[in-house]
Every structure is written in structure tokens, then in C-alpha cells.
Amino acid sequence: MAAHRRSAHRKPKQRPLTGPAARTAATLALAGVATAGSVTGAGAAPAEPAPTAAQVKAKVDRLYHDAEVATEKYNGAKEKADAATRTVDALTDEAARRTDRLNTARHALGSLATAQYRSGTLDPALQLALSSDPDAYLERASYLDRAGDRQTGLLRNIKRQVSRIAQVKTRADEETERLAARRTELREHRTAIRAKLADARKLLDTLTADERAAFERSADARHGGGPVHADRSTARSGPVSAPDSRAGQAIAFAHGAIGKPYVWGATGPNAFDCSGLTQAAWKAAGVSLPRTTYTQINAGQRIPRSQLAPGDLVFFYSGISHVGLYIGGGQMIHAPRPGAPVRIAPIDQMPFAGATRVA
């Protein structure tokens, strides 16, 4: 009886599944694993799809535009840094010159004091009483009075020099602080430009050769012209049509720059950015323009688009971040962007922002 109870509680021995039953069990097990995997990965973010060629082109265009905006800010900061450097140098030179004059005045005062010491310090009345030649004494006393006046003048001069040197050094210290701030600003803009251009190159590297060629063709179309417009051989060799000789000289210079590369921050003679080209062109005509697009637009008389004449400066984008030199017929010469040399382009390829006639 006990043996029967033990056998009743014994766990029945399981037999391995075979045939169709085994296949059914395996199918159910795999389904369970797949379901578990899908539940486990439900929270994971799907991988972002690679951008299309059109998206890459749009992003690259935006990066190039942002880099140009940063370039103009860099140009403005550099102009201010250069001016601060010149001011610091001038103040340093002034302080050195004034210090030399101060040392000369101190030397003269020292020589005068030494001469008076050697002459003795007897009371003037006693010196007169003891003198065997009163007339000679009175002449000498007059000389000492003049020497005293000279000493007083030297002391006043030294005091003024010391005060002025202190003022110059204080101003030099202030300008040095401004210069340090300008240089920090320069580094920030330089870093921003390089980062945007590097990002643009990385995006372009994701394109196939055919897509890259298509991008360059579309960029040429947007910025005006293909290879023929970038060839320096197309530059005019004859007289340039312009309202006056200075505008003609500026246009002639710009024609001579056709085909030269765009380099941010460059003002020639071998490379240019957009405002560097217009500045150099008008400099060749004897006119000094400021360095940046947003200051060049205020360097002359504002004119409506309908009154454009060759030699006028034409500006683009709401932030006034691009400039070209108008040459007539709806065309300009400009430095477009990295990878695109100085060329002729239609002015309606970019959003027009204004125009200035250089005075």
C-alpha cells in the first residue's frame, strides 16, 4: 500500500517530442523569441535615414551662407582689431618719446642743482658785504635768479610730463584690453567659419560623383554662370562702360580679378571674399571703402534698383551679407563662395537687399 502511494506521487517521466509535434513546438518557441525581441526593442529609436541629395544641397547652401555671414563679422572684428593695434602702437611710441623728454628734463635739473651746490650757499647779503667787486656780485646774483626761474620751469615741465605719461599709459592699457577682446572675437568667428565649411565638405562627401557634379552645376546657376564666366580670359581688355572714370577703373580691376579664388577674409591680390573684392576694386580707383558688407552699404548714396549704373555696389540677403560690383545689363562681378572663383553673375540670382553709389 505504501509502495502504491509512493508511485502515485512520483513525477511522470516526460518523453521527447518527435515528428509534427516537435515542429509545432519549435515554431511556437521561435515566435515567442521574436515577440520578446520586439517588445524589448520597442523603446529603441529607429536609425535616421540618410539625407537625400536635395537635402544635402540645401544644407550645404545654408552652411555656405552662414559661413559668409560669419566671414563678414570676422572682417569687421579684424578691422577693429587692426585699428586697436595701431592705436596701442602709437600710444606706446608716444609714451617712449615722453619718457625720453622726461629723462632729459631730469638730467637738466640735476645739472642745475649740482652747479648751485658748487656755488655755495652763503647768505646773499653777506656775499655782497664780503665781495671785493659789488658789481660782479650783483651780476652773479642776477644769474642765480635766472637759474632759479629755470629750475622752477624745469620742475613744472617734469610734473606735466609725469602726468601726461601716466595718462598715455592708462589709455594704452585700456586699448590693450580692447585689443584682447577683439582678438577673442576674431578667434570665435574664425572657428565658426571653419566649422561651417568643414560641415559643408562632410556633407558634400556623402554625395556620389554625379550628385556632386549636379550640385556644382546648380550652385553655378545660383551664383551666376558656368566655367566660361569663371575664366579670366573673358575679362575685357578694352574700355569699360561706366558713368565716370573712377567707376570704370573699379570695374576694370574687377574684370581683372575674374577667375581668382574665393578665400574668406582675403582682399587680394591673389584671392578675395565678396567685400574684399569690392573694396580692392574701388581702392584701385582711388576710393577707400570700409571692409564689410554692412558698412560698405553706407559708404555712398543709396539708390533704387531701377537706377543702377555700372560701378554701383549691389547687396544681397536680409543681413546684408553679400556684395557685388554692378557692371550693367543686370550683371555684376562678385566673389561667390568657397570653391567658386570670382565671376560674372546676374543680380537676380540672390535676394536683392539694396544698392549704393560710391561717392
Side-chain angles (χ1 to χ4, degrees), residues 51 54-83 181-204 215-216 218-224 254 257 260-268 271-282 289-300 302 305 312-326 332-343 345-356:
Q55 289 172 331
V56 168
K57 293 172 186 177
K59 288 180 179 180
V60 169
D61 280 340
R62 187 167 61 252
L63 285 167
Y64 277 151
H65 175 69
D66 292 346
E68 188 165 46
V69 172
T71 295
E72 290 306 309
K73 291 179 180 178
Y74 170 88
N75 292 337
K78 187 175 187 303
E79 188 175 43
K80 292 175 182 177
D82 290 344
R182 299 300 183 195
R183 286 175 174 166
T184 299
E185 188 179 358
L186 275 178
R187 286 193 297 270
E188 291 173 351
H189 292 314
R190 185 187 296 117
T191 299
I193 294 165
R194 289 174 174 169
K196 293 179 186 303
L197 295 180
D199 288 344
R201 285 191 294 270
K202 289 178 183 177
L203 283 170
L204 288 173
F215 170 81
E216 293 298 338
S218 64
D220 282 339
R222 290 191 299 277
H223 292 93
K260 293 186 177 182
Y262 176 102
V263 174
W264 62 268
T267 58
F272 301 90
D273 62 19
C274 67
S275 57
L277 175 64
T278 50
Q279 184 188 52
W282 273 101
L289 289 181
R291 179 62 182 92
T292 65
T293 53
Y294 47 84
T295 51
Q296 286 183 7
I297 196 171
N298 297 316
R302 295 284 190 95
R305 181 170 177 166
D312 292 341
L313 302 178
V314 282
F315 299 88
F316 304 90
Y317 300 104
S318 59
I320 318 296
S321 59
H322 192 76
V323 63
L325 186 70
Y326 189 67
M332 66 177 171
I333 298 176
H334 74 144
R337 59 175 177 82
V342 176
R343 60 183 59 187
I347 64 172
D348 59 4
Q349 292 293 329
M350 289 178 284
F352 188 83
T356 292

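Every heavy atom of this structure was used, including side-chain atoms; hydrogens, water molecules and symmetry mates were not.
Scanning all heavy atoms of the two residues, the minimum distance from Ala77 to Glu185 falls at CB-CD, 3.8 Å. Residues Ala335 and Cys274 come closest through the heavy atom pair O-CB, 3.6 Å. Heavy atoms only, all atoms of each residue included: Ile333 and Val342 are closest at CG2-CG1, 3.7 Å. Closest of all the heavy-atom pairs between Phe315 and Thr293 is CE2-O, 3.4 Å. Residues Leu277 and Ala257 share a closest heavy-atom pair of CD1-CB, 3.8 Å. When every heavy atom of Ser321 is checked against every heavy atom of Val69, the shortest pair comes out as CB-CG2, 3.6 Å.
Residue pairs meeting the salt bridge (Lys or Arg N to Asp or Glu O under 4.0 Å) criterion with at least one partner in residues 312-324, sequence neighbours excluded, are Asp312-Arg357. Residue pairs meeting the salt bridge (Lys or Arg N to Asp or Glu O under 4.0 Å) criterion with at least one partner in residues 63-77, sequence neighbours excluded, do not occur; the list is empty.
For Thr278, the side-chain hydrogen bond (donor to acceptor under 3.5 Å, both in side chains) partners two or more places apart in sequence, or in a different chain, are Gln296. For Gln279, there are no side-chain hydrogen bond (donor to acceptor under 3.5 Å, both in side chains) partners at least two apart in sequence or on another chain. Asp82 is linked by a side-chain hydrogen bond (donor to acceptor under 3.5 Å, both in side chains) to Lys78, counting only residues two or more places apart in sequence or in another chain.
Evaluated for a side chain to side chain donor-acceptor pair (under 3.5 Å) with Asn75, the options Asp273, Thr295, Thr292 yield exactly one hit, Asp273.
Going from atom NZ of Lys80 over to atom CG of Leu186 covers 11.0 Å, rounded to the nearest 0.5 Å. Between the OH atom of Tyr262 and the CZ atom of Phe272 there is a distance of 13.0 Å, given to the nearest 0.5 Å. Note that CG of Leu313 is 13.5 Å distant from OH of Tyr326, once rounded to the nearest 0.5 Å. To the nearest 0.5 Å, atoms NZ (Lys260) and CZ (Arg343) are separated by 16.0 Å.
Using cut-offs of 30° and 60° for the angle between ring planes, the His65 and Tyr317 rings count as tilted. The aromatic rings of Phe316 and His322 sit tilted relative to each other, their planes meeting at an angle between 30° and 60°.
With a 4.5 Å cut-off on side-chain heavy atoms, Met350 and His334 count as touching. The shortest distance between side-chain heavy atoms of Arg305 and Asp348 falls below 4.5 Å. Taking 4.5 Å as the limit, some side-chain heavy atom of Tyr64 sits within range of a side-chain heavy atom of Pro338.
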Check residues 189-203 and write down every donor-acceptor pair under 3.5 Å in which the side-chain atom is one partner and the other belongs to a residue at least two apart or another chain.
unit_1, atom_1, unit_2, atom_2, d
Thr191, OG1, Arg187, O, 2.8

Legend entry - From CA spacing to verdict: side chain to side chain contact (heavy atoms under 4.5 Å, CB included), Thr356, Arg302: CA-CA 4 Å; Thr356 292; Arg302 295 284 190 95; 3.7 Å; yes

